[in-house]
2 protein chains.
Amino acid sequence: MTNTKATAAHQALPLNQILDGDCVEAMNALPENSVDLIFADPPYNLQLRGDLHRPDNSKVDAVDDAWDQFGSFAHYDSFTRAWLSAARRVLKPNGAIWVIGSYHNVFRMGAELQNQGFWILNDVVWRKSNPMPNFRGKRLTNAHETMIWASKSEGAKYTFNYEALKSLNEGIQMRSDWVIPICNGGERLKDDKGDKAHPTQKPEALLHRILVGTTNPGDVVLDPFFGTGTTGAVAKMLGRDFIGIEREEAYRVVAKRRLAKIRKYDKEALEVSTSKRSEPRVPFGQLVERGMLRPGEELFSMNGRHKVKVRADGTLIGDDVKGSIHQVGAHLEGAPSCNGWTYWTFKRDGKQVPIDLLRQQIRAEMN
Amino acid sequence: MTNTKATAAHQALPLNQILDGDCVEAMNALPENSVDLIFADPPYNLQLRGDLHRPDNSKVDAVDDAWDQFGSFAHYDSFTRAWLSAARRVLKPNGAIWVIGSYHNVFRMGAELQNQGFWILNDVVWRKSNPMPNFRGKRLTNAHETMIWASKSEGAKYTFNYEALKSLNEGIQMRSDWVIPICNGGERLKDDKGDKAHPTQKPEALLHRILVGTTNPGDVVLDPFFGTGTTGAVAKMLGRDFIGIEREEAYRVVAKRRLAKIRKYDKEALEVSTSKRSEPRVPFGQLVERGMLRPGEELFSMNGRHKVKVRADGTLIGDDVKGSIHQVGAHLEGAPSCNGWTYWTFKRDGKQVPIDLLRQQIRAEMN
DNA sequence: GAGTTTACTGAATCCGAAA
DNA sequence: CTTTCGGATTCAGTAAACT
């Protein structure tokens, strides 16, 4: 994975800018299949009682009875359908999307995501450590919001930095419920009058976890509802490129000022823990070729129950079985699969040593 | 609120019974506007592809029952539409409904609830304290399920026992996220062969909280997907009447046996389980996500002998070592283990401050 | 009997490079 | 495109087995 993307398509994107205007039009003006990740925090407090029209363009004058309630949902659904399909168009085939919402709108977004062919990977609960209490005591304290993480389609090769998220969580795999405080204090942006600049500014910690976990340095992150630019700010810190779209000038002004102050972390700090899957493959036969193990030498299973011999071509032979280190291990254990590297040991100076130690030696030499 | 309902309509209901058959037909056979609460745990429409094995090669017992197979979203939606409208019909005007699901189906249920005119009061997250891990490391651990609580319509006078839930929560307003273990151990019902009687038995603690919070003694609680009868069992304990509907005979048999053993609670029996509260674990990565420490920032060992840098995923990197705060500390000291929280410090205003101070700050926020 | 180790299990849309 | 096969991957809790 390189940190610099020098392709023409990449360079043609309006990177690290805030685009003015309606997000559907702005996204449709971008080239298709061009962004790696979309983070979307759409409004759900649409003016339901204002200039609302039914799909047939007849005016909706009240939202009290069931029909008009349905009418307002239909209106919200068509809004959702429009921006999600524009988002889908600009997303790379192996790209992914995050959306965030509350019970007012998240069920409609989730259903529409599925309808359009996005493939849900997880729903993630942002559990607020300091939510607004329910003052009237008529319901439960609304202490969370819901995010949905989805790939563009089933089977797509989405980015997931498993080890990095595991590191963020003290070595235990990251769960689908994230405890993060709401955005306040110094992080909360104020306007010139000292009031909060945006009603629903998201905490940077949320975006940090999303971008560390599901993008790589140099990726392009699009936020069609940019607001005051949390997505852009964290993307910049983390060495990702962003594209923001925001139609309210007041928000664009605040976001621009905010972004100017952000510095990218240094490169070393942006490298994250990687999995063993990304290490080069070492054929077992190489240990034999190099004389680290000799043909005819005996290997012993980790549990001590089985003994086999190494052959010159890097296969193993036992009493009634021959094949690769993995195949023989799986067969002897009656298991569907087996990692031969961790299953087999050899003897040196009377002690049992895992063969994986030899693989590590070879890998060390490769650097 | 009386505890005895002597009306003819109430008496005519098949109370505290398990009805055989399809839930839509069975609900349509009940009088309209007759039940106080519905709890529904419908099939989730999981779409599992192949087998899944744990890292130890044991096979995961998948939910592959015929009742969870739907051909498409369209089929699932029409199923949902049918049972929800039948449920709506039998619900009293001031009644309420709870549904539970995962990301596979909950967005479709939530949207359909809204479409039918139900009024969502809260979405509630059941955070599992002991979920099944993600064995392949390809996604986040699926550690929660979502419940939706809705009244029959906007403005309905639903039941909400605010103080009772507050008491259940040690005097603090009950939040929309509930930490409850999955159902296992002695509570998990077994069949004659000793296998689990139902693949998705819900914990009684979940229903306990729902019924205490949103029904009164003597209320009628309907469960159209009764399974092995958790709803009925808790309703009986708490002095509520129930109506169960279940089409699988095997589940009805188990549920009936279970219910026969249940006794209505004595008040004092309720107060036994107070939680042992230990200090919550705080991952070091959270300090980074929250910007309390920045990627690239330097940490110094308490003894001043070592200096390392923080990375974006909450690991540390030194001259020849990287890993968690504990691992790196242990390595540098040549010790078998090390408490990184007390070992590392950072600089603020020229002074060395232990990182543990930041952890204490986060813990303070959590209370 | 008391303490320790091993085995088992849970609503899961769970692999990917090379041939 | 399909097939093959190397080999990476788990947390909390219960209960049985063992010392």
Side-chain angles (χ1 to χ4, degrees), chain A residues 114 118-123 149-151 153-155 157-158 160 162-163 166 169-176 274-285 303 314 323-330 335-344 355-356 359, chain B residues 41-65 67-70 73 76 100-106 126 128-146 181-188 190 194-196 198-203 225 227:
Chain A
Q114 292 178 313
F118 288 98
W119 194 247
I120 298 182
L121 300 166
N122 279 113
D123 60 333
W149 174 39
S151 60
S153 59
E154 183 181 3
K157 296 191 206 318
Y158 56 93
F160 182 53
Y162 174 76
E163 290 291 339
K166 193 171 168 179
N169 196 35
E170 289 269 287
I172 294 165
Q173 66 175 208
M174 187 68 80
R175 300 168 38 116
S176 57
T274 56
S275 91
K276 281 190 216 163
R277 276 189 267 252
S278 60
E279 299 201 24
R281 186 175 288 189
V282 176
F284 175 73
N303 57 27
S324 73
I325 53 173
H326 314 295
Q327 289 166 338
V328 173
S337 71
C338 170
N339 183 345
W341 291 108
T342 55
Y343 181 74
W344 296 108
I355 60 172
D356 201 33
R359 182 171 65 160
Chain B
D41 179 16
Y44 285 9
N45 189 25
L46 299 187
Q47 295 157 56
L48 307 178
R49 301 307 192 220
D51 287 345
L52 178 64
H53 292 88
R54 298 184 182 80
D56 66 3
N57 270 323
S58 61
K59 189 163 169 257
V60 173
D61 186 13
V63 180
D64 53 3
D65 306 70
W67 50 253
D68 198 39
Q69 305 303 316
F70 296 83
F73 283 132
Y76 190 80
I100 182 168
S102 64
Y103 64 82
H104 310 86
N105 69 323
V106 77
W126 167 26
K128 304 178 183 183
S129 56
N130 49 353
M132 186 160 77
N134 186 294
F135 296 116
R136 307 299 296 265
K138 303 309 291 182
R139 300 182 180 189
L140 302 165
T141 306
N142 216 330
H144 75 275
E145 293 185 27
T146 302
I182 60 175
C183 180
N184 60 10
E187 190 186 325
R188 189 82 193 216
K190 302 293 196 302
D195 299 326
K196 57 189 175 194
H198 191 283
T200 69
Q201 186 184 340
K202 295 293 175 288
F225 306 98

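Order of the sequence lines sets the chain letters (A, B, ...), proteins ahead of strands, with each chain counted from 1.
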- Message: Using atom C1' in both nucleotides, what's the gap between D/dT10 and C/dC8 to the nearest angstrom?
- Response: 13 Å
- Under-4.0 Å side-chain N/O to phosphate OP1/OP2 contact, B/K138 with D/dA8: no
- Task: State the pairing partner of C/dA17; accept Watson-Crick or G-U wobble contacts with both distances under 3.5 Å, and report none otherwise.
- Result: D/dT4
- Query: Partner of D/dT9 by Watson-Crick or G-U wobble geometry, both contacts under 3.5 Å, or none?
  - Reply: none
- If you measure from the C1' atom in D/dC18 to the same atom in C/dG1, how many Å do you get, rounded? 14 Å
- Run the numbers on B/E145 and B/S102 for side-chain hydrogen bond (donor to acceptor under 3.5 Å, both in side chains), then give the verdict. CA-CA 5 Å; B/E145 293 185 27; B/S102 64; over 6 Å; no
- B/R188 side chain vs B/H198 backbone, donor-acceptor pair below 3.5 Å: yes
- With respect to the side chain of A/S324, which nucleotide from D/dT10, D/dC11, D/dG6 is positioned closest? D/dG6
- Query: Is any side-chain N or O of B/N130 closer than 4.0 Å to OP1 or OP2 of D/dC11?
  - Reply: no
- Do A/W149 and A/Y158 make the cut of ring centroids closer than 6.0 angstrom? yes
- Note on the structure: Rounded to whole Å, CD of B/Q201 lies from C1' of C/dT9 at a distance of 14 Å
- Message: Categorize A/I120 for me: base, sugar-phosphate, or nothing, with a 4.0 angstrom heavy-atom threshold over every strand shown.
- Response: base
- Query: Using a cut-off of 4.0 Å on non-hydrogen atoms, how would the nucleic acid contact of A/Y162 be classed: base, sugar-phosphate, or nothing?
  - Reply: sugar-phosphate
- C/dA7 -> Watson-Crick or G-U wobble partner, both distances under 3.5 Å, gives D/dT14
- Look at the side chain of B/P55 and decide which nucleotide, out of D/dT10, C/dC14, C/dA11, has an atom nearest to it. D/dT10
- Donor-acceptor under 3.5 Å (B/N130 side chain, B/P181 main chain): no
- Message: Checking B/T146 against B/I100 for the side chain to side chain contact (heavy atoms under 4.5 Å, CB included) test, could you report, in this order, the C-alpha distance in whole Å, the side-chain angles of both residues, the deciding distance, and whether it holds?
- Response: CA-CA 6 Å; B/T146 302; B/I100 182 168; over 6 Å; no
- Message: Under a 3.5 Å threshold, yes or no: a donor from one side chain and an acceptor from the other, between A/Q173 and B/T141?
- Response: yes
- Query: Hey, which of these two, B/W126 or B/N134, hits DNA chain C nearer its 5' end, going by closest nucleotide?
  - Reply: B/W126
- Query: A/N122 side chain to A/S176 main-chain N or O, any donor-acceptor pair under 3.5 Å?
  - Reply: no
- Task: Look at the side-chain N and O atoms of B/K196 and state whether any lies under 4.0 Å from the OP1 or OP2 oxygen of C/dG10.
- Result: yes
- Query: Taking atom P of D/dA8 as reference, at what distance in whole Å does atom NZ of A/K166 sit?
  - Reply: 14 Å
- Would you check, one step at a time, whether the test side chain to side chain contact (heavy atoms under 4.5 Å, CB included) holds for A/W341 with A/H326? CA-CA 8 Å; A/W341 291 108; A/H326 314 295; 3.7 Å; yes
- Query: Over how many whole Å does the gap from B/K128 atom NZ to D/dT10 atom C1' extend?
  - Reply: 16 Å
- Task: Could you pick out which residue, A/E154 or B/C183, lies toward the 5' side of DNA chain C when each is mapped onto its nearest nucleotide?
- Result: B/C183
- Message: Is it the case that the base of C/dA7 and the side chain of B/S58 share a donor-acceptor contact (distance under 3.5 Å, atom types as modelled)?
- Response: no
- Query: Mind checking the P distance from C/dC14 to D/dG6? Whole angstroms is fine.
  - Reply: 23 Å
- Under 4.0 angstrom, heavy atoms only, what part of the nucleic acid is B/D65 near: base, sugar-phosphate, or nothing? nothing
- The nucleotide from D/dT10, C/dA12, D/dA12 with an atom nearest the side chain of B/F135 is D/dT10
- Message: Taking any heavy-atom pair under 4.0 Å as a contact, classify A/S337: base, sugar-phosphate, or nothing.
- Response: base
Scan nucleotides 14-19 of chain D against the protein and return all N/O pairs shorter than 3.5 Å with their distances rounded to 0.1 Å.
none

- Message: Rounded to whole Å, how long is the line connecting atom CD1 of B/I182 with atom P of C/dC8?
- Response: 18 Å
- Query: When we call it a touch if two heavy atoms are under 4.0 Å apart, what does A/S275 touch: a base, just sugar-phosphate, or nothing?
  - Reply: sugar-phosphate
- From C/dC15, C/dG10, C/dA11, nucleotide with atom closest to B/D61 side chain: C/dG10
- Quick one: label B/R139 by what it contacts on the DNA or RNA (base, sugar-phosphate, nothing), any heavy atom closer than 4.0 Å. base
- To the nearest angstrom, the CZ-P distance between B/R54 and C/dA7 comes to 14 Å
- Message: For the backbone of B/D68 and the side chain of B/D65, can you confirm whether one donor and one acceptor N or O come within less than 3.5 Å of each other?
- Response: no
- Query: Side chain of A/H326: nearest nucleotide among D/dA8, D/dG6, D/dC11?
  - Reply: D/dG6
- Grab the NZ-P distance between B/K190 and C/dT9 for me, whole Å please. 10 Å
- Are B/W67 and B/Y44 close enough that their ring centers fall under 6.0 Å? no
- Report which part of the nucleic acid A/E163 touches: base, sugar-phosphate, or nothing (heavy-atom distance under 4.0 Å, all strands). sugar-phosphate
- Task: Report the distance from atom CH2 of A/W149 to atom C1' of C/dC14, rounded to the nearest whole Å.
- Result: 11 Å
- Euclidean distance, atom CG of residue B/D51 to atom C1' of C/dA12 [Å, nearest integer]: 12 Å
- Message: Heavy atoms only, 4.0 Å cut-off, all strands: where does B/S129 land among base, sugar-phosphate and nothing?
- Response: sugar-phosphate
- Message: Go nucleotide by nucleotide along DNA chain D from the 5' end; which of B/P131 and B/R136 gets its closest nucleotide reached first?
- Response: B/R136
- Query: At under 4.0 Å between heavy atoms, what does A/V282 touch on the DNA or RNA strands: base, sugar-phosphate, or nothing?
  - Reply: sugar-phosphate
- Message: Taking the minimum atom-to-atom distance to the side chain of A/R359, which one of D/dA8, C/dG10, D/dG6 wins?
- Response: D/dA8
- Message: Between A/N339 and A/Y343 (side chain of the first, backbone of the second, donor and acceptor by atom type, cut-off under 3.5 Å), is there such a pair?
- Response: no
- Message: Considering every strand and a 4.0 Å limit on heavy-atom distances, what is the contact class for B/P42: base, sugar-phosphate, or nothing?
- Response: base
- Name the residue closer to the 5' end of DNA chain D, choosing between A/G340 and A/Q173 according to the nucleotide with the nearest heavy atom. A/G340
- Task: Quote, to the nearest angstrom, the C1' distance that separates D/dT9 from C/dA12.
- Result: 14 Å
